[in-house]
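Throughout, protein chains are lettered first and strands after them, A, B, ... in sequence-line order, and every chain is numbered starting at 1. Computed from a prediction, not measured in an experiment: that's the story for all the values here.
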Number of protein chains: 2
Amino acid sequence: MHAASKRRSHRPARTGVAAAGMTIGRLAAAARVGVETIRYYQRRQLLPVPAAAGVRRYSSGVLHRVQFIKHAQALGFALVEIRELLRLEDGGTRAEVRQIAGARLKNVRDKLAALQRMERVLGHLLADCEASGPQAPCPIIGALASGAGALGAP
Amino acid sequence: MHAASKRRSHRPARTGVAAAGMTIGRLAAAARVGVETIRYYQRRQLLPVPAAAGVRRYSSGVLHRVQFIKHAQALGFALVEIRELLRLEDGGTRAEVRQIAGARLKNVRDKLAALQRMERVLGHLLADCEASGPQAPCPIIGALASGAGALGAP
DNA sequence: CTTGACTCCGTACCTTGGTACGGAGTTTAG
DNA sequence: CTAAACTCCGTACCAAGGTACGGAGTCAAG
């Protein structure tokens with residue numbers, strides 16, 4: 001529950017320089033993630049750690065990076081890959097980007113195929129179980145015990 | 001690399017009672033898993049721990065249980081579910097079995113749907129990237145930065 | 001100036017399915 | 001009989017993506 005305090009909403013601080021940028025709490029709230037998640041991304045080198053001045057300040061560029069991370073996660077990319085994609089965002093070749101995305105797509109397709117096999121077999125077993133008489137031994141247990149209905153070709 | 005030693009292949013031990021059953025190493029080799037995996041299943045209560053008599057002995061019933069576990073894992077069941085399925089193997093109702101299998105099937109279908117969305121978007125982005133001119137900004141990076149091509153309806 | 005909210009930082013913990021390590025005891029081939 | 005192989009047991013570690021905790025410091029409002 002990353003509750004965002006809405007204090008300090010306007011009012012450009014009293015010091016001359018106006019302390020530009022968000023604190024980590026406001027960045028996290030804006031990105032809808034926890035403060036700990038921001039720090040975690042910093043440790044994993046997905047986000048920069050601003051120069052320390054007591055309390056660190058974050059620009060909207062960092063917020064955009066967090067949103068980039070969330071979009072990429074939704075497409076299945078792992079954080080290590082996202083770190084590379086962020087690095088490639090300014091100054092990478094398209095071949096490099098395609099290499100990462102292509103590998104991920106292959107991985108997604110592999111998982112998809114595995115899940116489809118599971119879905120097919122599990123679906124059949126459940127249907128069989130519901131169809132067979134209440135006295136017969138359970139077809140699901142039977143298949144698990146015997147290895148029948150293994151995940152091969154249809 | 002769970003190398004199986006094939007020693008002790010015949011020869012019914014010299015003590016009168018013949019020390020029936022396999023040692024853990026032979027059980028693991030027969031089931032094609034590591035010794036540590038057997039112990040892990042024991043800790044997770046998927047397999048019984050035979051009464052200690054110095055070296056513990058395992059019956060072929062335990063081997064069948066390990067094979068049951070492997071079949072169930074291939075269908076996507078988690079170890080905690082498999083523990084229940086094993087418990088239901090003798091003396092559970094079909095409704096109980098169906099409840100577990102049904103929940104797992106739903107979970108498989110949810111993952112399947114999520115992966116299909118990823119596959120579709122990722123596939124489009126890669127095709128776009130390959131189709132667009134080498135000068136234009138990379139469509140993949142662009143989509144991640146802007147959130148375009150989000151994973152919604154087709 | 002106090003009080004409460006926030007930040008900083010390191011560290012530990014969570015889940016899932018195992019794998020690795022190490023010392024002590026047992027067993028068995030030769 | 002001896003040496004190698006195996007077993008027992010507890011504990012620590014791995015990936016991945018975070019979450020939680022706790023003490024100390026900072027900051028702004030009342």
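Listed nucleotides C:dT19, D:dC8, D:dG17 differ in distance to B:Ile24; the shortest reach to its side chain belongs to D:dC8. The side chain of B:Arg57 approaches C:dT28 more closely than any other nucleotide in the set C:dT28, C:dG18, D:dG18. Comparing C:dG18, D:dC21, C:dA20 by their closest approach to the side chain of B:Glu36 singles out C:dA20. For B:Val55, the side-chain atoms get nearest to C:dT27 when compared with the rest of D:dT19, C:dT19, C:dT27. Nearest to the side chain of A:Arg39, among D:dG17, C:dC21, C:dT7, sits C:dT7. Nearest to the side-chain atoms of A:Tyr41 among the listed nucleotides D:dG18, D:dG17, C:dG18 stands D:dG18. Taking the side chain of A:Thr23 as heavy atoms from C-beta on, and the options D:dG17, C:dC6, D:dG10, the nearest nucleotide is C:dC6.
B:Arg109 meets the side chain to side chain donor-acceptor pair (under 3.5 Å) test with A:Glu119; sequence neighbours excluded.
The CD-C1' distance, from B:Gln45 to C:dT16, rounds to 17 Å in whole Å. As a whole-Å value, the separation of B:Gln42 CD from C:dG17 P is 17 Å. Separating the CZ atom of B:Arg83 from the C1' atom of C:dG18 is a distance of 16 Å, rounded to the nearest angstrom. Atom-to-atom, CZ of B:Arg43 to C1' of C:dG17 comes out at 11 Å; the value is rounded to the nearest Å. Rounding to whole angstrom units, OH of residue B:Tyr40 and P of C:dA20 are separated by 15 Å. Atom-to-atom, CD1 of A:Ile69 to C1' of D:dA16 comes out at 15 Å; the value is rounded to the nearest Å.
In this structure the side chain of A:Leu75 never reaches within 4.5 angstrom of the side chain of A:Arg104, judged on heavy atoms. Residues A:Arg98 and B:Glu130 form a side-chain contact, since some pair of their non-hydrogen atoms from C-beta on lies under 4.5 Å apart. Between B:Ile69 and B:Gln73, the closest side-chain pair of non-hydrogen atoms falls below 4.5 Å.
Expressed to the nearest 0.5 Å, how far CD of B:Gln67 lies from NE2 of B:His71 amounts to 6.0 Å.
Heavy atoms of B:Ala52 sit nowhere under 4.0 angstrom from any nucleic acid atom. Across all strands shown, B:Arg56 has heavy atoms under 4.0 Å from sugar-phosphate atoms exclusively, and none from any base.
Two residues, A:Gly54 and A:Arg44, neighbour DNA chain D, and the one matched to the more 5' nucleotide by heavy-atom proximity is A:Arg44. When each of B:Thr37 and A:Val49 is assigned the nucleotide of DNA chain C bearing its nearest heavy atom, the one mapping closer to the 5' terminus is A:Val49.
A:Gln73 has a side-chain polar atom (N or O) that falls below the 4.0 Å cut-off from OP1 or OP2 of D:dG18.
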